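Everything below concerns the one structure shown next.
Keep in mind it's a predicted model, so treat the numbers as computed, not measured. We name chains A, B, ... by the order of the sequence lines, and we start the count at 1 in each one.
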Amino acid sequence: MARQPAAADFIRTIIDRDLASGAVERVIVRFPPEPNGFPHIGHAKSSTLNFGLAAEYQGQCHLRFDDTNPATEDQRYVDAIKRDLQWMGFAWGEHEYYASDYFGTLFDWACKLILKGLAYVDDSPEDVIRGMRGTVTTPGTESPYRNRAPEENLELFEAMRAGVFADGSRVLRAKIDMGHPNMKMRDPLMYRIRHATHYRQGGAWCIYPFYDWAHGQSDAIEGVTHSICTLEFATNRVLYDWYLDALEIAPRPHQYEFARLNLEYTITSKRKLLHLVQEGIVDGWDDPRMPTLAGLRRRGVRPRAIKTFCNSIGTTKVDSIHDPGLLEHCVRDDLNHRAPRVLCVQDPLPITLTNWPEDHEEIISAPYWPHDVPRDGVRSVPFSKELLIERSDFSEDPPKGFRRLTPGGIVRLRHAYIIRCNHVEKDERGNLVRLHCEWIEGTRSGSNTALKPKGTIHWVDAKRSLPVIVRAYDRLFAQPVPGDDFLEALNPSSLIEYKEARIEPSIADDPPEKRYQFTRLGFYWRDPELINSHPPVFNCIVTLRQAIQGQTKYSQHTLGVGRPVGAVLPRDSQSKPQPKTTTPAKSEPKSKQRPLSADEEHWLNQSGLNAATGLAIYGIPAAPEFLEAASEYVSRVSVGNWMANQLLPALKGAPLSSLPFGPSEFAELVRLADNGKASTHEARAVLKLMLAGERTPTKLLTSVQASTVSDSEVLRDIIGNVLSDHEDRVQAYIAGKTGLLGFFVGQVMKRTNGKADPRQVKALVKEELAGSAT
RNA sequence: UGCCCUGUAGCUCAAUUGGCAGAGCGCCUGGCUCUGGACCAGGAGGUUCCAGGUUCGAAUCCUGGCGGGGCAACCA
């Protein structure tokens, strides 16, 4: 499947804008992991975005390790991150950077801020600092050390660096505003003292910068243009900008935030994943059930599938959670045309072909590929008297719609013969031990036979097949959103091992990294960590999509893996997961209106405007006065509407005083519209010109009207063209879809470049349509 | 009860910037088939969070409300 070009999401829109305006010459982005864990599917989204952007715009993506915390970071994670990124196919060339390499520059820049009086050393203990920060709704209070002289601060800061103070005894803080509504701006910490060994810097430093101080400055050092991070950093952006402004860095990077990837039944928190690893709940960071890239790789997923997935989920600012089904779809789609089919029975049930000659063996030449995959190749599959089939492909008491083997029924053995089950053998406890079946001669695959079994099942030869272990994986968590008590949400059967599985012998000589489709089961490959084990261990990469009649399922895994294929679930076990707790009662009609203040109420009453219009004007400086002044010439309601809906929005927050015209000119415009001299459409065009600096509405109107297409004959021509270009819609309109009228009007407006009176057009379109209806 | 982000199909996203509300996944039906897969054809599914306003025309602009997420680590 061709890789579709990524849609122009909001990030690409911003980049296009910056490139077009010349603000940015070449796009430089960065992927900044902290080396404190293995990268996971969420990092795949971020790195696909950043490296993808660099490739698309012929820019550069830097790999930068955000290693400012010596307590949690380690070279082993650096190695893992680099390996996984390379596996994904991303190349950063020589642009491999480490925030810790910038410690020197960062230190110098901190001194600069101190000298500018924008940073100070605070001797307060940790809990005091926390206490004085205030809360989200109450302002903080200033530290008693806040107003130390710059020289003293510098001396202290240098002493901090020199190691004369104990851990936690002092910090360097930016001097911003303890009452700031954004808590990140309440004198944020820049440095803490940590007499620790950094995995790269060793003991060179005993003070370490915090994220906010290090990150933007690192971007600046590298010449990053667009610094793309996840949503939770949005409140940090103001601080990001503050530091850069304080240092007077130009040109400087800008931060943009997008929604991180969330997957149902999965966690993408490094902290929680680390917990699973440390507690031995999973078999390391690369356990095939883990959402880590290492886990996905070991499972057998290819990078292409992950990239397709990442590109297809979009880049937005909506905090959303994805269905793992989409990832699974991408994995199947990637493998369908590149994984040869072989036969493997996970949970064998022996069958004997009672009428097959003793000791007779047939070698069947079976194609590796189904009819719809245009690839060649066959392998030999032995067939004899004793065979094995999937236990779940037989049912003594078949549910409705069951298409496999039943007592007395027939079924096709894939690539081989049709058989009939004549006798069911059980042990003394009633357990099924063997089926005695009849081989139906002349029904070999490819031969013409009148017999049409409803189903085809997979099988292997009992003697000649090879023993294998098959590992089937289900989702790690049973809850769609595991939450903080994620350990409670663990799925107890996320790994099921089929120890008695058997596979056709053809695979014996295949290279170990070969991926297969086990017919009717799914895609598999040998676990790369257990490549020398005997019998071989196969991981299920993803099951086949299975639409078994009557089953509505949300997970292939629920049905296909971890249970015998085709097993029918009891009704209540297939119930949908709990829906998101969002959007509870969206239908409840409640129209609460904010209680108006006395002033607002009074003003609204005397102005005669409705609340929507009035409130749009009332809070804007000088707007009520503007309204009053303009109302001397024309109705206040009209002025109000034009102000609230046209003028003020066009200002985009700029003050009214910046207008190139005054209330009287504005009133003139409104009057033109009011008394019908100008259509609304024309009046808007005039306003646009006025905003551009022209002052005389009446004159402008003349020129606007001069270019207006108002000749009915000309318009009728255009309408005729539109109608004949959209014959189907004309029919629909005649058939009763009158809402299409707006569409026709819109088309005509487009073809006149907006230079027609839509009211006139509408009337004419109605006439024409009435004409064509008869 | 502050600041920031955000509400379009079951899920994830589009909608040429005010002019037919669409796509992928999922689901259903039919076709094909020696994989209950793949493929092909069709279908269901919408109060564009709600209520007002402006407009010939609003998912889009204006006002108000409601819902969801984030921010008070010497983590990033």
**OP:** Please state the C1' separation for the pair G24(B) and G65(B) - nearest whole angstrom.
**Re:** 34 Å

**OP:** Take H337(A) and R412(A), find for each the nucleotide of RNA chain B with the closest heavy atom, and name the residue whose nucleotide sits nearer the 5' end.
**Re:** R412(A)

Original post:
Of the nucleotides C75(B), A76(B), C5(B), which one has an atom closest to the side chain of N236(A)?
Top reply: A76(B)

Subject >> Where the chi angle of U63(B) falls, syn if within 90° of 0 and anti if not >> reply: anti

Original post:
When we call it a touch if two heavy atoms are under 4.0 Å apart, what does G746(A) touch: a base, just sugar-phosphate, or nothing?
Top reply: base

**OP:** Return yes when atom NZ of K766(A) has more than 12 non-hydrogen atoms of other residues, nucleotides or ligands closer than 6.0 Å, and no otherwise.
**Re:** no

Original post:
Knowing that exactly one of H415(A), E504(A), E390(A) qualifies, which makes a side-chain hydrogen bond (donor to acceptor under 3.5 Å, both in side chains) with H458(A)?
Top reply: E390(A)

**OP:** Identify whether any heavy atom of P125(A) sits under 4.0 Å from a base atom; if not, whether one sits that close to sugar-phosphate; answer base, sugar-phosphate or nothing.
**Re:** base

Subject >> Dot-bracket encoding per residue of RNA chain B, Watson-Crick/G-U cut-off under 3.5 Å, | denoting interstrand >> reply: .((((((..((((.....[..)))).(((((.......))))).....(((((..]....))))))))))).....

Subject >> Touch class at under 4.0 angstrom, heavy-atom based, for H726(A) against every strand present >> reply: nothing

**OP:** Report which part of the nucleic acid G455(A) touches: base, sugar-phosphate, or nothing (heavy-atom distance under 4.0 Å, all strands).
**Re:** nothing

Subject >> Closest nucleotide among U63(B), G36(B), U12(B) to the I313(A) side chain >> reply: U12(B)

Original post:
Hey, does K184(A) reach any base, or is it just sugar-phosphate, or nothing, if we go heavy atoms under 4.0 Å?
Top reply: base

**OP:** Would you indicate what S124(A) reaches in the nucleic acid, counting non-hydrogen atoms under 4.0 angstrom: base, sugar-phosphate, or nothing?
**Re:** base

Original post:
What does N69(A) touch in the nucleic acid at a heavy-atom separation under 4.0 angstrom: a base, only the sugar-phosphate, or nothing?
Top reply: sugar-phosphate

Original post:
Counting any heavy atom closer than 4.0 Å, what does E126(A) reach on the DNA or RNA strands: base, sugar-phosphate only, or nothing?
Top reply: base

**OP:** Looking at every strand, decide which applies to V136(A) at a 4.0 Å heavy-atom threshold: base, sugar-phosphate, or nothing.
**Re:** base

**OP:** Decide yes or no, distance alone: a donor-acceptor N/O pair under 3.5 angstrom between the base of G36(B) and the side-chain of R545(A).
**Re:** no

Subject >> Selected nucleotide, minimal atom distance to K750(A) side chain, candidates U12(B), G7(B), U16(B) >> reply: U16(B)

**OP:** Tell whether N182(A) reaches the base of G2(B) with its side chain through a donor-acceptor pair below 3.5 angstrom.
**Re:** no

Subject >> RNA chain B: 5'-proximal contact among P181(A) and T456(A) (nearest heavy atom) >> reply: P181(A)

Original post:
Across the strands shown, which category fits Y208(A) at heavy-atom distances under 4.0 angstrom: base, sugar-phosphate, nothing?
Top reply: nothing

Original post:
For T68(A), which contact category applies under a 4.0 Å heavy-atom criterion: base, sugar-phosphate, or nothing?
Top reply: sugar-phosphate

Original post:
Between C62(B) and U55(B), how far is it from one C1' atom to the other, in whole Å?
Top reply: 12 Å

Original post:
Base, sugar-phosphate, or nothing: which does T519(A) touch, judged by heavy atoms less than 4.0 Å apart?
Top reply: base

Original post:
Could D127(A) and R130(A) be called an ion pair, given the rule that one side-chain N must be under 4.0 Å from one carboxylate O?
Top reply: no

Original post:
F210(A) ring centre to R192(A) NZ or CZ under 6.0 Å, with the angle to the axis within 45°?
Top reply: yes

**OP:** At under 4.0 Å between heavy atoms, which parts of nucleotides 55-61 of chain B does protein reach? Answer with one letter per nucleotide, 5' to 3': B base, S sugar-phosphate only, - none.
**Re:** SBB----

Original post:
Is the F744(A) ring parallel, tilted or perpendicular to the Y733(A) ring (thresholds 30°, 60°)?
Top reply: perpendicular

